[in-house]
Amino acid sequence: QPRLTRGATFRSYLPRCHRTYSCVHCRAHLAKHDELISKSFQGSHGRAYLFNSVVNVGCGPAEQRLLLTGLHSVADIFCESCKTTLGWKYEQAFETSQKYKEGKYIIEMSHMVKDNGWD
């Protein structure tokens, strides 16, 4: 059984020159600011951001959910390091106007912290 020590290692590290978002619980890198599509999303527990791609994230099984914008097939995503559920991945959108979300990721703001050069 591997123990997490202070020098926890993550599968992917994002370049230090980029503004990044990290898991607030274990500081694993999650996404580059360049991958941010929108800040005006609603998660299950408050505001969320939509990203083009993410790292260090695992995906659960897809299921159909009726969200504010209609019926979608989504899969919960979790931090691979600390296993906290972060949001979801849009697998399929059933309404034409929502197709742009397919393959994109929602991460709730309450699970993210900004790292590297935000000031």
Side-chain angles (χ1 to χ4, degrees):
Q1 184 78 336
R3 272 195 15 240
L4 270 180
T5 58
R6 266 173 105 144
T9 54
F10 309 119
R11 186 178 293 171
S12 300
Y13 286 90
L14 296 169
R16 289 202 70 77
C17 58
H18 290 287
R19 292 186 294 173
T20 56
Y21 296 93
S22 300
C23 176
V24 72
H25 311 284
C26 71
R27 293 309 265 255
H29 290 172
L30 296 175
K32 282 196 301 202
H33 183 61
D34 302 351
E35 296 295 323
L36 178 64
I37 298 168
S38 172
K39 295 182 176 181
S40 56
F41 273 72
Q42 198 59 38
S44 325
H45 310 101
R47 288 190 50 213
Y49 287 4
L50 182 70
F51 290 96
N52 218 7
S53 70
V54 294
V55 296
N56 297 317
V57 161
C59 223
E63 59 180 47
Q64 291 191 4
R65 277 190 213 150
L66 191 54
L67 303 174
L68 293 172
T69 50
L71 186 65
H72 294 78
S73 173
V74 298
D76 284 336
I77 59 170
F78 56 89
C79 175
E80 292 218 297
S81 178
C82 69
K83 307 302 181 214
T84 302
T85 299
L86 303 168
W88 60 82
K89 177 185 182 186
Y90 287 101
E91 298 286 356
Q92 189 182 359
F94 296 98
E95 292 175 33
T96 314
S97 65
Q98 302 301 311
K99 289 284 186 192
Y100 75 96
K101 296 177 186 171
E102 291 183 349
K104 309 287 191 298
Y105 300 83
I106 285 279
I107 298 180
E108 300 193 355
M109 286 185 67
S110 58
H111 297 303
M112 283 189 302
V113 65
K114 293 173 175 178
D115 275 332
N116 299 338
W118 283 91
D119 18 271

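Since the model is a prediction, treat every value here as computed from it, not as a measurement.
If you chain together hydrophobic residues whose side chains sit under 4.5 Å apart, L66 and F94 fall into the same group. Residues I106 and L36 do not share a hydrophobic cluster, defined by chaining ILVMFWY side chains whose heavy atoms lie under 4.5 Å apart.
Of all heavy-atom pairs between C59 and F78, the closest is N-CE2, 3.7 Å. Of all heavy-atom pairs between G60 and A75, the closest is O-CB, 3.3 Å. Residues W88 and S44 share a closest heavy-atom pair of CZ3-OG, 3.5 Å. In terms of heavy atoms, L86 sits closest to C23 at CD2-SG, 4.5 Å. Here the shortest heavy-atom pairing between Q42 and A48 reads C-CB, 4.2 Å.
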- request: Evaluate side-chain contact (heavy atoms from CB on, under 4.5 Å) for I37 paired with Y105, printing each intermediate quantity in order.
  value: CA-CA 10 Å; I37 298 168; Y105 300 83; over 6 Å; no
query: Going through the checks in order, is the salt bridge (Lys or Arg N to Asp or Glu O under 4.0 Å) test met by R65 and E63?
result: CA-CA 6 Å; R65 277 190 213 150; E63 59 180 47; 2.9 Å; yes
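Side-chain atoms of L50 and Y100, non-hydrogen and from C-beta on, do get closer than 4.5 Å to each other. Side chains of K104 and K89 form no contact here, defined as non-hydrogen atoms less than 4.5 Å apart.
Although no hydrogens or angles enter the test, the distance criterion places no donor-acceptor pair under 3.5 Å between the side chain of H111 and the main chain of T84. Of the possible polar contacts, none joining the H29 side chain to the R27 backbone as a donor-acceptor pair under 3.5 Å is found. A side-chain donor-acceptor contact under 3.5 Å links K99 to the backbone of A93.
Each of V57, V55, V113 was evaluated against L30; a single residue qualifies, V57, per the side chain to side chain contact (heavy atoms under 4.5 Å, CB included) test.
Taking OH of Y21 as the reference point, atom NE2 of H33 lies at 5.0 Å (rounded to 0.5 Å). Separation of atoms CG (N52) and NZ (K32) is listed at 10.5 Å; rounding is to 0.5 Å. From F41, atom CZ reaches atom CE of M109 across 14.0 Å, with rounding to the nearest 0.5 Å. Rounding to the nearest 0.5 Å places OG of S38 at 9.5 Å from OH of Y49. The NE2 atom of H72 lies 7.0 Å from the CD atom of E95; values are rounded to the nearest 0.5 Å. Expressed to the nearest 0.5 Å, how far CG of L67 lies from OH of Y90 amounts to 5.5 Å.
Using modelled atom types and a 3.5 Å distance limit, the side chains of S73 and Q64 yield no donor-acceptor pair. Side chains of D115 and T20: no donor on one and acceptor on the other come within 3.5 Å. If you check the side chains of T69 and K101, you find a donor sitting under 3.5 Å from an acceptor.
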